[in-house]
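Here the structure is laid out as structure tokens; the discussion comes afterwards.
Chain naming here is simple, since letters A, B, ... match the order of the sequence lines and numbering starts at 1 in each.
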Protein chains: 4
Amino acid sequence: MANLKIGVVGCGRIGKLHINNLINAIDGVEVVAVADPMIDKSGAREWCAARGITNVSADFMDIINNPEVDVVFVCSSTDTHCDVSMAAVEAGKHVFCEKPIDYDIAKIKALIAKVEEKGVKFQVGFNRRFDHNHKAVADAVKSGKIGDPHIVIVSSRDPEPPPASYVAVSGGIFYDMMIHDFDMVRYVTGSEAVEISAVGSCLVNPNLQEESGIPDVDTAVVTMKMANGCIAVINNSRQAVYGYDQRVEAFGSKGMASDGNDLVNTTTVMTVDGAVSEKPLWFFLERYNQAFIEQVKSYVDAIVNDKPTVVGVVDGLRPVLMAAAATESCRNGGVYVKVEE
Amino acid sequence: MANLKIGVVGCGRIGKLHINNLINAIDGVEVVAVADPMIDKSGAREWCAARGITNVSADFMDIINNPEVDVVFVCSSTDTHCDVSMAAVEAGKHVFCEKPIDYDIAKIKALIAKVEEKGVKFQVGFNRRFDHNHKAVADAVKSGKIGDPHIVIVSSRDPEPPPASYVAVSGGIFYDMMIHDFDMVRYVTGSEAVEISAVGSCLVNPNLQEESGIPDVDTAVVTMKMANGCIAVINNSRQAVYGYDQRVEAFGSKGMASDGNDLVNTTTVMTVDGAVSEKPLWFFLERYNQAFIEQVKSYVDAIVNDKPTVVGVVDGLRPVLMAAAATESCRNGGVYVKVEE
Amino acid sequence: MANLKIGVVGCGRIGKLHINNLINAIDGVEVVAVADPMIDKSGAREWCAARGITNVSADFMDIINNPEVDVVFVCSSTDTHCDVSMAAVEAGKHVFCEKPIDYDIAKIKALIAKVEEKGVKFQVGFNRRFDHNHKAVADAVKSGKIGDPHIVIVSSRDPEPPPASYVAVSGGIFYDMMIHDFDMVRYVTGSEAVEISAVGSCLVNPNLQEESGIPDVDTAVVTMKMANGCIAVINNSRQAVYGYDQRVEAFGSKGMASDGNDLVNTTTVMTVDGAVSEKPLWFFLERYNQAFIEQVKSYVDAIVNDKPTVVGVVDGLRPVLMAAAATESCRNGGVYVKVEE
Amino acid sequence: MANLKIGVVGCGRIGKLHINNLINAIDGVEVVAVADPMIDKSGAREWCAARGITNVSADFMDIINNPEVDVVFVCSSTDTHCDVSMAAVEAGKHVFCEKPIDYDIAKIKALIAKVEEKGVKFQVGFNRRFDHNHKAVADAVKSGKIGDPHIVIVSSRDPEPPPASYVAVSGGIFYDMMIHDFDMVRYVTGSEAVEISAVGSCLVNPNLQEESGIPDVDTAVVTMKMANGCIAVINNSRQAVYGYDQRVEAFGSKGMASDGNDLVNTTTVMTVDGAVSEKPLWFFLERYNQAFIEQVKSYVDAIVNDKPTVVGVVDGLRPVLMAAAATESCRNGGVYVKVEE
């Protein structure tokens with residue numbers, strides 16, 4: 001069977017990650033074209049050439065209009081995700097779109113309608129669903145091993161905060177960081193959030209609000225009432241000095257499934273001073289390295305074997321709705337806010 | 001030095017536990033008298049005799065009025081804790097009182113005033129502060145090892161629910177179960193709760209409210225804004241089928257301290273089906289066995305060496321105020337409720 | 001049913017441990033008499049009196065001849081274990097004898113014959129069989145969960161070495177320390193050692209041989225060919241600076257059962273410097289505290305319900321034969337030595 | 001700086017593994033030629049072509065004689081390792097040689113002399129030294145954290161046995177399997193084995209000796225006296241049904257460093273039946289995947305920056321001498337055999 005021909009829009013950090021994985025770790029695919037507005041200023045042209053990719057362009061429409069391209073990977077800046085996706089879907093391409101699709105709910109809904117109309121395969125880059133640990137927790141819930149889920153706790157903490165300038169345009173912690181955890185709650189509980197309460201503080205950087213110019217927080221706890229009765233809790237911190245802390249616990253009527261961090265190594269040194277062991281892998285590139293690959297394998301499988309994608313276009317909408325509710329709650333003293341359907 | 005002479009009021013399960021520990025595990029004390037209204041109907045008289053305690057009575061005032069008694073252990077039914085304590089303090093006795101002191105805040109405040117007036121040693125039975133695991137978490141926070149605490153998570157789940165008839169008189173989950181966890185949050189954070197939000201459901205027993213006659217829940221998550229900026233979360237379930245789940249995690253600016261359950265044993269059996277290891281110790285008698293002893297050792301030390309008690313009479317008030325706020329929040333959709341000072 | 005009447009011979013550290021446990025932790029027993037040659041010089045008379053034991057004596061024959069005594073606990077110095085036991089068995093008493101029974105194989109065999117003749121219940125104090133962790137490993141083997149055992153590894157290391165003067169009379173590491181591990185190998189494999197090879201060095205105390213006057217070692221590894229084909233390995237060190245290291249691993253055709261140490265607590269503190277957790281409990285009094293109780297409960301059960309004792313008089317012989325073989329091997333360059341049957 | 005030009009001899013499983021890693025995971029290298037006697041019958045020509053390698057041949061001398069080639073990777077059948085290496089070194093190439101170099105000690109010694117004469121960089125493929133876990137144990141020893149090593153235990157068990165036909169030509173368990181563990185003992189202790197005792201049985205396959213035609217075993221325990229006084233133990237099984245079991249423990253005067261297996265994931269499911277967690281990664285391709293890459297990175301670094309290789313040609317000799325001693329001991333009842341220097 002012929003390789004899937006892939007065009008990648010955006011050749012920054014995440015675009016390069018996908019290109020490398022597509023070349024080295026995924027069978028049955030071929031990267032045939034890359035577009036990036038900075039293709040000549042960023043050195044991306046040379047980077048691509050070293051990988052045998054010579055069809056490069058500064059204009060993403062060159063990929064949309066390329067009849068050879070079967071699939072478009074949308075790895076451009078966040079504010080362009082939805083427009084590029086829309087153009088690609090309109091052109092009948094399959095689309096893999098990095099998260100979040102957009103912050104504008106109307107635009108996402110329009111995209112959803114378009115994907116349905118065109119019948120293409122659309123996947124959103126919620127890569128953590130493909131992490132070996134979290135997937136095993138979700139699988140345990142799905143299999144019924146823990147019975148009905150009653151309490152789900154997602155602990156998700158970054159090793160170091162982004163610059164305030166990033167926060168200024170990201171929409172804040174609920175949009176740029178907790179968005180992954182909202183997806184995780186949906187994934188693990190198999191249910192939708194009905195109401196959300198959020199509290200937070202600036203404990204990592206007390207000057208965050210003034211530096212970023214938005215009323216954001218860097219430490220947040222969100223509580224959700226799920227449609228199936230389960231109560232879900234997410235806690236986020238912008239800075240866990242010991243490394244990327246990524247854990248999920250699902251407690252239910254028949255038991256509990258929980259995971260731990262992947263550590264740098266399993267070695268322990270025990271002396272009179274106690275037992276010293278390793279910290280978690282440093283950040284998402286280390287921890288979710290394999291998950292980035294697995295999500296694309298799953299997506300390729302969905303296209304090749306005509307299955308639904310594991311994370312569809314609708315899965316791109318719900319976390320944004322949750323982020324909106326959490327943001328509103330946090331700015332209003334933690335009051336419960338209904339999540340738009 | 002002469003033994004401390006102890007009189008025990010209440011010879012039910014918890015009274016017997018203390019009596020046995022006082023005899024077998026605590027140095028420098030002597031149980032000289034026991035009072036219980038059911039002393040003759042419950043077999044308590046014989047139970048005491050077998051331990052060489054012959055001064056028994058149905059009237060707790062016999063202990064209060066006994067000049068030989070230095071210390072009164074209040075192990076009677078919850079509704080009598082405050083009155084017995086008040087009488088004992090009034091008589092100049094030191095008092096160890098099982099938790100909760102009372103649900104009536106005015107009565108507790110009167111007791112606090114009386115303890116201060118009389119200058120006796122008063123300790124409330126929040127035994128979990130003396131658990132080897134939780135104490136190590138609190139000590140790590142106190143020592144500054146994790147820096148300023150940002151997020152504290154207390155997971156506390158019983159192995160089996162009490163009968164609905166118990167809940168009917170207990171005041172509900174926030175008073176009879178989470179009260180310990182409220183104390184734990186104060187102990188670990190070293191701070192007071194300012195505002196509390198509570199959500200809950202009847203997931204263990206869907207008929208709980210109707211069976212108990214009160215609008216209680218059996219699965220609850222409480223979020224607190226602490227005076228020092230820390231956000232604390234408690235999650236409770238009336239039924240963890242795998243056993244007593246008692247864990248504390250304190251995350252801060254310099255790191256994280258967290259504990260795990262004590263397990264039945266450390267053995268793992270690994271086969272083609274995976275690695276099977278043990279569950280937590282079944283319930284509080286197993287898990288907090290040593291903590292019950294340690295708290296009394298600490299109390300005896302406070303009396304003998306004239307130190308402040310580790311859990312004073314004020315520590316009996318704050319968790320009740322927190323339970324009141326949580327109960328109000330839970331019955332009002334999770335709105336944040338200020339904790340009375 | 002009437003209490004078992006117990007007479008204790010030897011009121012040193014281990015005798016006091018048993019007496020306290022018999023009083024506080026074992027139902028259905030009563031300590032009625034204690035004998036110790038130092039009863040008046042060591043303060044043992046007063047120690048017993050404080051526990052209500054007034055029938056004390058300097059002559060163990062007072063216990064042997066006491067018709068009230070059902071059971072004799074032999075806790076005297078090692079060189080008297082066999083003689084006291086023999087006298088007690090001859091007198092028709094049940095006997096619980098601390099390990100080792102003796103180093104003189106002929107004397108042990110005579111005792112075995114006498115126990116059989118008299119039909120009394122005899123138990124040797126190999127308390128580790130009653131440890132929650134090791135028992136679970138042995139139970140996993142017995143149940144067939146790991147199939148046929150192929151390799152068994154016992155790691156057994158003390159936190160601090162005994163004085164050289166102790167070693168001078170103890171018979172050396174294979175008799176005074178590894179004797180427990182020889183029993184553990186028999187317990188876990190359910191088989192007997194056929195041939196033994198031992199190597200060792202003085203790595204903890206390079207002057208040990210000259211200080212003790214015997215060709216002993218303080219670090220030793222013993223390999224055994226078991227009758228069932230299993231290969232067993234024991235490693236001993238006189239000094240694990242981090243505490244008492246007591247682990248057993250049984251690997252077999254269907255899997256592996258292994259245990260870990262009991263730790264001081266389960267708390268971990270994770271910072272930029274790594275994750276620090278606790279060390280093992282310090283020594284045998286901490287680690288095997290409950291095992292000392294469980295072994296006596298089991299023994300009382302054997303007497304009361306007329307069952308075989310879990311560790312019978314023959315179980316006192318085999319480890320001594322193994323120690324003899326290991327000692328011979330170690331002094332001969334590690335050559336395999338047949339274990340006498 | 002120009003890429004190192006690499007020629008690979010042998011394009012079977014291990015050759016392909018190295019070629020893929022050299023292309024995908026190692027910077028600064030280029031695979032310019034591949035030789036394999038089966039290049040046309042095995043599909044290797046096409047496999048190479050798909051990776052852009054068109055200079056392929058059936059004759060390894062084409063690589064030796066290729067002036068473009070800087071480095072030869074010897075991945076051919078074991079019996080040709082030494083001859084191919086010798087030819088490559090003679091031609092002035094750097095050589096990375098899969099283990100074992102040979103079983104003929106004289107031939108290895110001749111190669112050592114030749115490597116010294118030519119001054120090329122030679123590395124043997126003991127990849128486990130580059131495993132994150134084992135390396136951390138060795139580093140802890142090297143750093144002095146555990147003081148002087150007293151006891152080292154290497155547990156090394158394969159998930160499934162090779163066919164008896166493989167054993168027939170491999171030289172047996174000490175040569176084809178334990179060879180890695182001999183290297184590990186040298187690596188971790190930083191010392192050489194002086195005397196070796198080996199015992200073993202056919203417990204996995206009772207018919208192994210007759211099926212293989214050699215007096216081999218499938219379960220073995222080896223004990224070594226090291227030059228620095230440390231006692232080392234290796235245990236091997238051809239079949240751990242739960243997966244690849246690879247653990248190292250180093251116990252010393254100041255503490256212990258030990259590692260655990262890498263597991264499939266960190267998730268635990270706890271129910272009334274206990275806590276079930278994952279097994280180790282299945283076999284060496286999964287477990288040592290990254291170690292295969294790290295060893296080549298280290299080798300490239302040694303060439304590029306003119307450092308000694310971490311595993312030099314002499315490190316290829318010592319484990320073979322240890323295997324010879326172990327084989328002799330095992331066939332002679334476990335007697336200690338001196339290791340040739």
message = Under a 4.5 Å cutoff for heavy-atom pairs, which residue among A/S258, A/A25, A/A257 has the most contacts with chain D?
response = A/S258
query = What are the two closest non-hydrogen atoms of D/G260 and A/T266, and how far apart are they?
reply = O-OG1, 2.7 Å
query = Do other residues, nucleotides or ligands put more than 12 heavy atoms under 6.0 Å from D/K135 NZ?
reply = no
message = Does D/D27 have more than 12 heavy atoms from other residues, nucleotides or ligands lying within 6.0 Å of its CG?
response = no
Expected output: side-chain D/T267 to main-chain A/A136 donor-acceptor under 3.5 Å = no
key: Largest heavy-atom contact set with chain A, pairs under 4.5 Å, which of D/E249, D/M256, D/K254, D/H134   = D/M256
ask   = Under the 3.5 angstrom rule, does the side chain of A/N133 hit a backbone N or O of D/N265 as a donor-acceptor pair?
value = no
task = Counting only heavy atoms closer than 4.5 Å, note whether D/V264 contacts chain A via side chain, backbone, both or neither.
result = backbone
query = Which of residues 144-155 of chain D get closer than 4.5 angstrom to chain A, counting heavy atoms alone?
reply = D/K145, D/I146
Heavy-atom neighbours of A/K279 NZ exceed 12 at 6.0 Å = yes
remark   = Honestly, the part of D/N261 sitting under 4.5 Å from a heavy atom of chain A is backbone
